[in-house]
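Beneath this line is the structure, given in structure tokens, with notes to follow.
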There are 2 protein chains.
Amino acid sequence: MTNSDKHADILQAALELIAERGFHDAPMSEIAEKAHVAAGTIYRYFENKDVLINDLFQEIEDKLMEVLLDNYPLGEPVKEQFFHVFGELCRYLLTHPLHFRYMEQFFNSPYGISKRRDKISGKATNYRKHDTLAEIFKEGISQQILKDLPVVVLSSLAIGPMLYVIRDHTLGFVVLEESLIRQMTEACWDAIKR
Amino acid sequence: MTNSDKHADILQAALELIAERGFHDAPMSEIAEKAHVAAGTIYRYFENKDVLINDLFQEIEDKLMEVLLDNYPLGEPVKEQFFHVFGELCRYLLTHPLHFRYMEQFFNSPYGISKRRDKISGKATNYRKHDTLAEIFKEGISQQILKDLPVVVLSSLAIGPMLYVIRDHTLGFVVLEESLIRQMTEACWDAIKR
DNA sequence: TTCACTGGAATGAACGTTCATTCATGGCCA
DNA sequence: TGGCCATGAATGAACGTTCATTCCAGTGAA
């Protein structure tokens, strides 16, 4: 194969292994094997495992943001914006279960926690991406459409259930068809609307 | 100290270390050190690390169940039962942050996932404990008080947000005072009520 | 030939677990 | 009472394994 892009191959292999088995059961040797590359080769593309893990996170987050901001109903009512983001996010995660499971692992690990801490304290190294959902909530609160609760709490009320259910879906505990997604979205809206 | 209970000491040390740093950053050697015990001694009390981890989970779950079932408003309306369980759970987790963080780690790991799988498929090894919350939801659905959604989904809608917010609380991202808890409980009820 | 890239064996640190040994206690006999 | 022994809990050095990372010989395009 003349056109091999080892950088991408390695990321893909890492994604599959880590999403399925977790950070600690995804040895570099196996990532290498899956990427059809030798163990040492990985280190030509990524300084070490931590960097690989963080790069992969960044890649996924970028893709996700792109999807969320595509066709974004700017200027439309808050409810519409919420349904757009919620729906797209849900659809994306359901069609990309590996990305979902990877993100879940990431946020439940020290990697994700420190990233989150940076973000909330405003020390994000990454300015181009503003927090879409937080903006919607602030707007909704000031328009008295949403309950007057801290943004972090509104986020949890809206997104928390969805993430749980998607997890149950990827684990095979529920089947999330379109109508169920709609009902859930409504229920989450009920939870945050005033 | 004549009255040392090494079994309990080891569990406590494991709890603290694992809750703070995760399963994979809690070596047996350090658990031993923290419990003021030699490495080998742990193996007199627990067959191996997996057993230690599962025993600790069981202990915490038992304590939690005891709290939830204490003063349980049997025969009262569904809403009342829900508020009781929700409130007690919330209070318990907030006053036992180590237990909360441990459970979180556990459920986000292969340990917890297989446990959950057993439970849902009815293969639980542990018959004495019925799933309180699931019972409430089934009752609420049949009385047409709650939305007609799968129990797993209702659970996520009700409990998901709370767990997220408590996490943010233990990480210092929000301060959960009593009024905020009440507002959240109401919001969760809004999400599941018909 | 040169040189950037690759493969995969080698390295060393960290871990869970084992086991030969030590230690502490309580019962027993003189 | 005082000395001895039996029991089994506790110890921690050592072992085997796994892993991330390094190193260097080999390869092929220019």
Side-chain angles (χ1 to χ4, degrees), chain A residues 1-59 101-102 105-106 108-112 114-115, chain B residues 1-59 102 105-106 108-115:
Chain A
M1 60 179 73
T2 63
N3 222 358
S4 73
D5 182 349
K6 305 205 189 240
H7 188 271
D9 291 348
I10 292 164
L11 282 175
Q12 180 62 25
L15 170 66
E16 291 171 19
L17 256 154
I18 294 173
E20 278 161 22
R21 312 214 318 239
F23 292 122
H24 301 285
D25 199 17
M28 293 298 256
S29 57
E30 219 168 320
I31 293 176
E33 199 181 343
K34 200 164 198 144
H36 303 293
V37 136
T41 305
I42 296 182
Y43 290 85
R44 296 208 62 76
Y45 295 90
F46 302 94
E47 195 188 330
N48 56 45
K49 195 177 183 180
D50 272 22
V51 169
L52 169 57
I53 287 171
N54 278 293
D55 282 7
L56 186 47
F57 167 77
Q58 203 51 248
E59 202 194 58
R101 304 218 8 101
Y102 185 87
Q105 308 256 10
F106 188 86
N108 281 307
S109 74
Y111 299 110
S114 68
K115 179 136 268 169
Chain B
M1 60 179 71
T2 64
N3 224 356
S4 76
D5 181 350
K6 308 212 185 239
H7 188 273
D9 291 349
I10 292 164
L11 282 175
Q12 180 63 25
L15 170 66
E16 291 172 19
L17 238 93
I18 293 173
E20 277 161 22
R21 312 217 316 244
F23 292 122
H24 300 285
D25 200 18
M28 293 297 257
S29 57
E30 220 168 320
I31 293 176
E33 200 180 341
K34 199 163 199 145
H36 304 291
V37 136
T41 305
I42 295 181
Y43 292 85
R44 294 204 65 77
Y45 295 90
F46 303 94
E47 194 188 330
N48 55 44
K49 196 178 182 179
D50 272 23
V51 169
L52 170 57
I53 286 171
N54 279 293
D55 282 6
L56 186 47
F57 167 78
Q58 202 52 247
E59 202 194 57
Y102 185 88
Q105 309 256 12
F106 188 85
N108 281 307
S109 73
Y111 299 110
I113 291 179
S114 69
K115 181 137 265 168

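We name chains A, B, ... by the order of the sequence lines, and we start the count at 1 in each one. Everything numeric in this text was worked out from a predicted model, so none of it was measured. What you see below is based on every heavy atom in this structure, not just the backbone, and it leaves out hydrogens, waters and symmetry mates.
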**OP:** Among D/dA9, C/dC5, C/dG8, find the nucleotide with the atom closest to the side chain of A/Arg44.
**Re:** C/dC5
**OP:** Could you tell me the separation between the CD1 atom of A/Ile42 and the C1' atom of D/dC19, rounded to a whole number of Å?
**Re:** 12 Å
**OP:** Let me know, please, whether A/His24 or A/Gly40 comes out on the 5' side of the other along DNA chain D by nearest nucleotide.
**Re:** A/His24
Subject >> Out of C/dG7, D/dG12, C/dG16, whichever nucleotide has its closest atom nearest the side chain of B/Ala39 >> reply: D/dG12
**OP:** Return the minimal non-hydrogen interatomic distance between B/Tyr102 and B/Ala19, and the atom names on each side.
**Re:** N-CB, 4.1 Å
Subject >> Candidate nucleotides C/dT6, D/dA20, C/dG8, ranked by approach to the side chain of A/Thr41 - the nearest >> reply: C/dT6
Original post:
Below 4.0 angstrom from OP1 or OP2 of D/dC19, is there any side-chain N or O of A/Ser29?
Top reply: no
Original post:
Between D/dA14 atom P and B/Met28 atom CE, what is the distance in whole Å?
Top reply: 21 Å
Subject >> Selected nucleotide, minimal atom distance to B/Lys49 side chain, candidates C/dG16, D/dC19, D/dA10 >> reply: C/dG16
Original post:
Just to confirm, is there a sub-4.0 Å distance from OP1 or OP2 of C/dT6 to any side-chain nitrogen or oxygen of A/Tyr45?
Top reply: yes
**OP:** Taking all non-hydrogen atoms of both residues into account, name the closest pair between A/Tyr111 and A/Asp50 and its distance.
**Re:** OH-OD1, 2.9 Å
Subject >> Phosphate OP1/OP2 of D/dT11: any B/Tyr43 side-chain N/O under 4.0 Å >> reply: no
Subject >> Interatomic spacing from CD in A/Gln12 to CG in A/Leu56 - rounded to 0.5 Å >> reply: 8.5 Å
Subject >> Selection from D/dA20, C/dT17, C/dG16 that lies nearest to any side-chain heavy atom of B/Asn48 >> reply: C/dT17
Subject >> Side chain to side chain, A/His7 and A/Leu11, heavy atoms closer than 4.5 Å >> reply: yes
Original post:
For the side chain of B/Ala38, counting heavy atoms from C-beta on, which of D/dT11, D/dT21, D/dA10 is nearest?
Top reply: D/dT11
Original post:
Taking for each residue the nucleotide of DNA chain D bearing the nearest heavy atom, is the 5' side occupied by B/His36 or by A/Asp25?
Top reply: B/His36
